[in-house]
Amino acid sequence: MISRNISGCRAPQLDRNFFLGLLNKATCLSHLTQTHAQIILNGYQNDLAAVTKLTHKFSDLKAMRHARDLFLSIPRPDLFLFNVVIRGFAANAAPFSAISLYTHLRKNTNLKPDKFTYAFAVSAASGFKDEKYGILLHAHSIVDGLGLNLYVGSIVVDFYFKLSRVELAQKVFDGLPEKDTVLWNTMISGLVRNCYYADSIRVFGDMVVGGMGFDSTTLAAVLPAVAELQELKAGMGVHCLALKAGYHSDVHVLTGLVSLYSKCKELETARLLFGHISRPDLICYNAMIAGYTCNNETESSVSHFKDLLASGEKVNSSTIVGLIPVSSPFGHLHLTGSLQTFCVKSGIVSHPSVSTAFVTVYCRLNEIESARQLFDQSKEKTLASWNAMISGYTQNGLTETAISLFREMMSEFSPNPVTVTSILSACAQLGAISLGKWVHGLIKSKNLESNIYVLTSLVDMYAKCGSIVEARKLFNSMTEKNVVTWNAMISAYGLHGDGHEALKLFTEMLHSGISPSAVTFLSVLYACSHAGLVREGEEIFDHMVHNHGFEPLPEHYACMVDILGRAGKLEKALDFIKELPVEPGPPVWGALLGACMIHKNTELARVASERLFELDPDNTGYYVLLSNVYSADRNFPKAASVRQVVKNRNLAKTPGCTLVEIGETPHVFTCGDRSHPQAKAIYRMLDKLMGKMAEAGFQTETVTALHDVEEEEKELMMKVHSEKLAIAFALIETAPGTEIRIFKNLRVCLDCHNATKFISKITERVIVVRDANRFHHFKDGVCSCGDYW
DNA sequence: TTAGGGTTAG
């Protein structure tokens, strides 16, 4: 075959192998197009081997248009060429073209797809949000007898992981008769990417114990999981395996180890390992910088950052994120500001993960408006950005804003486990059970039910919304429970005043082999305090210090004061405070003040509050508590004068409000609220109730008791509290005999507590009240708390 | 076909 060059002269025909060799060497697009031209000139444009190699090269250089045109120029492409082009589309983010070509191959040719066709087509299908294409391809591969092929199987497993269909990935993995290291590695990394850390470690264990050879990829894949769970012992095991198998100098493994030891607070080891990396790349540096930051050694992280900049090495968004003091923001406001300036100047602030980290810091510093501003300004919002803002609101108590932002997010993103746990936390804070149930439905439809965070939040939400039975049912159904899961269930019983059940569960937890945390003891102690279990509380405290070697935190001391104080042992509580090895802080004195309110001890209340006003002068809660102590002692003028201090000093009070759900609609009432459309009927109902209550012997403060109180303050104190309004409204709106559930954001006052007892008797209703502290179940004029609130 | 660093949660 003779070809002509452009001038029309005969060109000497070159050997096709010469071009094939030339193609192998082509490294850039211009080089490749030149070779392409020469191939045409020499008449090899229909040579399948040359065209296939060219197509392959074009797709490697992201020139899919050239690759496609070449493919179309061949009248009868073979399977290999089809595969090359499908692979090219898959690798160049053109899933639709890849799948179309696959469909064309099936429908319009006699060619039979092989394992490569399926592997490339399935990997293309992971580019679609819709999982149906991949599932269909998987089915086709089974029909074609390739369902059990190791190569196809590995790609299918990876596909299901990319779409977060963890259970399907697991099923395919289990069904493959032959498994190699790559497949096991795919399984481990897929689980890690989907936050199934404990499972990935388990699979790694199965792999090693089962005698399957592992490589450096295996170790590098499992290390982030171990680091995330801060499983230092398991991490050291992985480190030993790396040493034994000779992977201890592998840069991926070493970086993973640096990160692991940093997260486990073993900074020295991390530093040592980092020093052993001969030429650390940017990722190693980033791991080390983040390691210093999370161990609160910001000076070292900043100096490493400066070294990087001085060396001329480019930094990236991960470097910055690792520098932002997310875990210990307080005291690092200046650093945060400087970093933000750097990021704005360099333009790196537009990177979604950077702005997300800043949003998080500002939320933790309670600078919620700055956070929102940053969030609004960020052009490219990821799911993590939304999650950071939503959880920022819930953690700052702005639950309703969190929920409305969540609704906004839903039109753009599908929620992940982080989103739903944040929203469930908002529901739990609000007592919004209808929304909580709706989120539960959403969790089922999104297949998020196997996530331990999600399930624990559901247990917490049901318990805090009053459905302890539902919470326990879920808890029992969980196959995997960690310390936080147990803590949630134990504090649920504490919240409901069931101290004995909490203690029983605590014993069960110890038997199950889960080590208790400081929070566990706090939950058990709270349960004891709410149930009046003084002896048990003292035993647990002793157990914690002597058997478990925990150094009590200020919260533990406060809890002990609470236990003694609520039980009326006020003097003993004061002695306990005096003997503390540390200076008692506001929580300890606050607990004593709370106990003084229950037992109407104004003298000791004065002592406690004097300390509190010194230690935490801007906290209005303590003024309110002291005022309530005086009110409980019917000393209204004194109560009013304490409230006046708050007003004179212009301190912000948290307004009290009560929520009640009728059907699925929440209704919120504030003190003296007349804004509700049915306000008239509500006040009529209250008048009727007050009459009946008076007949039954209920005493409320009279106007004469308030004669020394200033007019404005008097009006406020006479106003009807939101609890009573919510109960009256529920009585109007629900059928006789229906249980009433209300949620108060602050602690219920003595007057409302007594009134609710009377109302439950008069109306023959069960009334469940959740306040900032716990649940009260009122029935037949008695409260489950035994007035022990 | 698989791998290392960072941000979001109970």
Side-chain angles (χ1 to χ4, degrees), chain A residues 87 90 115-116 119-120 122-123 150-159 161 180-190 192-193 195 214-224 227 247 250-260 262-263 277 280-291 293-294 316-324 326-327 351-361 363 382-392 394-395 415-425 428 451-461 482-485 487-488 519:
Chain A
R87 172 187 167 278
K115 61 177 182 177
F116 294 102
F120 300 146
V122 172
S123 75
L150 179 57
Y151 182 46
V152 177
S154 301
I155 305 266
V156 170
V157 168
D158 195 52
F159 161 78
F161 276 127
D180 65 356
T181 304
V182 171
L183 175 64
W184 280 92
N185 291 352
T186 307
M187 192 64 201
I188 292 169
S189 72
V192 174
R193 270 182 308 188
C195 308
F214 61 87
D215 57 13
S216 63
T217 303
T218 323
L219 302 182
V222 78
L223 277 170
Y247 296 126
D250 181 279
V251 70
H252 291 100
V253 174
L254 273 171
T255 310
L257 285 170
V258 166
S259 171
L260 163 88
S262 309
K263 284 185 183 156
I277 305 174
D281 63 8
L282 182 61
I283 299 180
C284 299
Y285 262 100
N286 290 352
M288 196 64 243
I289 287 172
T293 305
C294 77
N316 64 12
S317 62
S318 297
T319 323
I320 303 295
V321 174
L323 274 164
I324 300 172
V326 180
S327 54
H351 202 286
S353 62
V354 172
S355 58
T356 301
F358 279 120
V359 165
T360 308
V361 169
C363 286
T382 61
L383 183 55
S385 328
W386 287 90
N387 288 345
M389 199 62 237
I390 291 169
S391 75
T394 59
Q395 281 164 9
N416 72 355
V418 182
T419 328
V420 297
T421 41
S422 299
I423 285 305
L424 286 173
S425 153
N451 184 295
I452 190 164
Y453 270 81
V454 171
L455 286 169
T456 305
S457 318
L458 272 172
V459 167
D460 188 59
M461 183 278 291
N482 62 20
V483 62
V484 188
T485 317
N487 293 350
V519 177

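Just so you know, these numbers use all the heavy atoms, side chains as well, and skip hydrogens, waters and symmetry mates. First the proteins, then the strands, lettered A, B, ... as listed; each starts at 1.
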Measure CG/A:L254 against P/B:dA3 and give the value in whole Å, please. 19 Å

Any base atoms under 4.0 Å from A:T218, or only sugar-phosphate, or nothing? Heavy atoms, all strands. nothing

Considering only B:dG10, B:dT7, B:dT2, which nucleotide approaches the side chain of A:A384 most closely? B:dT7

Please state whether the base of B:dG10 and the side chain of A:N451 form at least one donor-acceptor pair under 3.5 Å? no

Side-chain donor/acceptor of A:S457 to base of B:dG10, under 3.5 Å: no

Taking any heavy-atom pair under 4.0 Å as a contact, classify A:S216: base, sugar-phosphate, or nothing. base

Between B:dT2, B:dG10, B:dG4, which nucleotide has the shortest distance from any of its atoms to the side chain of A:V484? B:dG10

Residue A:I452, side-chain atoms from C-beta onward, closest of B:dG4, B:dT1, B:dG10: B:dG10

Classify A:A290 by what it touches in the nucleic acid, base, sugar-phosphate, or nothing, heavy-atom distance under 4.0 Å. sugar-phosphate

Can you tell me how far C1' of B:dA9 sits from CE of A:M461, to the nearest Å? 15 Å

Ranking B:dA9, B:dA3, B:dT8 by distance to the side chain of A:Y453, first place goes to B:dA9

Donor-acceptor pair between A:S259 and A:S262 side chains, under 3.5 angstrom: no

Would you mind classifying the nucleic acid contact of A:P224 as base, sugar-phosphate or nothing, using non-hydrogen atoms under 4.0 angstrom? sugar-phosphate

What's the closest nucleotide to the side chain of A:V326 if the choices are B:dA3, B:dG10, B:dT8? B:dT8

If you go through the side-chain atoms of A:T255, does one of them form a donor-acceptor pair with the base of B:dG4 closer than 3.5 Å? yes

Check the distance between B:dA3's C1' and A:L223's CG and give it to me in whole angstrom. 10 Å

How close do A:V454 and A:L424 get, heavy atom to heavy atom, and via which atoms? O-CD1, 4.1 Å

Looking for any heavy atom pair under 4.0 Å, which part of the strands does A:D281 touch: base, sugar-phosphate only, or nothing? base

Between B:dG10, B:dA9, B:dA3, spot the one nearest the side chain of A:A221, thanks. B:dA3

Could you pull out all residues at least two apart from A:D158 that satisfy salt bridge (charged side-chain N to carboxylate O under 4.0 Å, His left out)? A:K162, A:R193

Please pick, from B:dT8, B:dG4, B:dA9, the nucleotide with the shortest atom-to-atom distance to any side-chain atom of A:H252. B:dG4

As a test of reading the structure: which of B:dA3, B:dG10, B:dT1 is closest to the side chain of A:I155, going by heavy atoms? B:dT1

Find the distance A:I188:CD1 to B:dG4:P and express it as a whole number of Å. 12 Å

Whole-Å distance separating the CZ atom of A:F161 from the C1' atom of B:dA3: 15 Å

How close do A:V420 and A:P415 get, heavy atom to heavy atom, and via which atoms? CG1-CB, 4.1 Å

Gap between atoms CD1 and P, on A:I390 and B:dG10 respectively (whole Å): 13 Å

Touch class at under 4.0 angstrom, heavy-atom based, for A:K263 against every strand present: sugar-phosphate

Does the side chain of A:T360 get closer than 4.0 angstrom to OP1 or OP2 of B:dT7 through an N or O atom? no

Sequence neighbours excluded, which residues qualify as ring-ring contact (aromatic ring centres under 6.0 Å, His included) partners of A:F120? none

Given B:dG4, is OP1 or OP2 found less than 4.0 Å from the side-chain N or O atoms of A:S259? no

Of B:dG4, B:dA9, B:dT1, the nucleotide closest to the side chain of A:S391 is B:dA9

Take atom CG of A:D460 and atom P of B:dA9, then tell me their distance rounded to the nearest Å. 15 Å

Which part of the nucleic acid does A:T186 contact within heavy-atom distance under 4.0 Å: base, sugar-phosphate only, or nothing? sugar-phosphate

Between B:dA9 and A:Q395, is there an OP1 or OP2 to side-chain N/O distance shorter than 4.0 Å? yes

Rounded to the nearest angstrom, tell me the gap between atom CZ in A:F159 and atom P in B:dT2. 15 Å

Less than 4.5 Å apart, any side-chain heavy atom of A:N185 and any of A:D215? yes

Is there a donor and acceptor pair, one atom on the side chain of A:N487 and one on the base of B:dG10, closer than 3.5 Å? no

Between A:S457 and A:D460, a side-chain donor and acceptor under 3.5 Å: no

